[in-house]
Amino acid sequence: MTPDDLKALIRTIPDFPKAGIQFRDITTLLGHGPGFAASVRWLAGEVEGVEAIAGMEARGFIFGAAVAARLGLPFLPIRKPGKLPCEVIGVDYELEYGVDRLEMDPTAIARGQNVAIVDDLLATGGTALAATELLRKAGAAVGRAAFVIDLPDLGGSARLAAQSVDVRTLMDFDGD
Ligand SMILES: O=P(O)(O)OC[C@H]1O[C@H](OP(=O)(O)OP(=O)(O)O)[C@H](O)[C@@H]1O
Ligand SMILES: Nc1ncnc2[nH]cnc12
């Protein structure tokens, strides 16, 4: 399947979760077996060579865990607040339509371990930057991040690049 075939599987819902947001919904891609498989294959190819995959709750778990299993790598869940039973480190952040917090177990990775971030979508980059900060605090080397969808108008890709993260995106939606 081509990137255009995969893009055609994304559903756009206007004014969700707030007025003015064009919500790019992956539910329809996940519901298409060959499309989901092709997306996971593409993501895995972009991050091959790292030692672990980190994914952000919730949609990052879907793609991140599938990529980690495909590559035979550990998967590191970065969670929304209050979910992890252990001591955590956390970061508050802003995203396209709100504010939130991410937490992780700081003992989950070895110092210097080369970790790639995988998520469904990159918008302002708030989520991925918070994950990068957390992973680096825990001692990881974060050099790469891969996303199915980029919203380039919101600048996340440039923000991550400024933090020395090599960003890979399968498709973009720029105001269309
Ligand atoms: O680049 P940003 O502006 O930070 O936006 C991108 C983030 O927004 C969505 O997650 P959301 O917080 O909506 O949570 P969900 O995965 O639980 O749906 C998406 O899955 C990304 O993680
Ligand atoms: N426009 C958007 N569609 C889907 N998920 C998002 N996360 C942040 N912005 C989003």
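Every number for a ligand or one of its atoms is a count from 1 in the order of the listing. Note that the coordinates shown come from a computational prediction; the quantities given were computed from them, not determined experimentally.
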Which heavy atom of the protein is the closest neighbour of [atom], given with residue, atom name and distance?
| atom | result |
| --- | --- |
| atom 4 (O) of ligand 1 | Thr127 OG1, 2.5 Å |
| atom 10 (O) of ligand 1 | Arg59 NH2, 3.6 Å |
| atom 12 (O) of ligand 1 | Leu95 CD1, 3.1 Å |
| atom 21 (C) of ligand 1 | Asp119 OD2, 3.2 Å |
| atom 6 (C) of ligand 1 | Leu121 O, 3.5 Å |
| atom 19 (C) of ligand 1 | Asp120 OD1, 3.3 Å |
| atom 3 (O) of ligand 1 | Thr124 OG1, 2.6 Å |

Using a strict cut-off of under 4.0 Å between a residue heavy atom and any atom of ligand 2, list the qualifying protein residues by chain and number.
->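 Those residues closer than 4.0 Å to ligand 2 by some heavy atom are Ile21, Gln22, Phe23, Arg24, Arg59, Glu96, Tyr97, Leu121, Ala123, Leu151.
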Would you mind running through ligand 1 and noting each atom that sits below 4.0 Å from a heavy atom of [X]?
| X | result |
| --- | --- |
| Lys80 | 12 (O), 14 (O), 15 (P), 17 (O) |
| Gly125 | 1 (O), 2 (P), 3 (O) |
| Ala123 | 1 (O), 2 (P), 3 (O), 5 (O) |
| Tyr97 | 8 (O), 9 (C), 11 (P), 13 (O) |
| Glu96 | 3 (O) |

Within less than 4.0 angstrom of ligand 1, does Asp100 place any heavy atom?
->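 So Asp100 does not count as touching ligand 1.
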Compute the minimum heavy-atom distance from Glu57 to ligand 1 and say whether it is under 4.0 Å.
->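 Contact check Glu57 vs ligand 1: positive.
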Linked, directly or transitively: [X] and [Y] (ILVMFWY side chains, under 4.5 Å):
| X | Y | result |
| --- | --- | --- |
| Val167 | Leu6 | no |
| Met56 | Ile26 | no |
| Met171 | Phe63 | yes |

Rounded to the nearest 0.5 Å, how far apart are CZ of Arg79 and CG of Asp105?
->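 Interatomic distance, Arg79 CZ to Asp105 CG, rounded to 0.5 Å: 12.0 Å.
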Could you walk me through whether Thr27 and Asp25 pass the side chain to side chain donor-acceptor pair (under 3.5 Å) check?
-> CA-CA 6 Å; Thr27 310; Asp25 184 18; 2.6 Å; yes
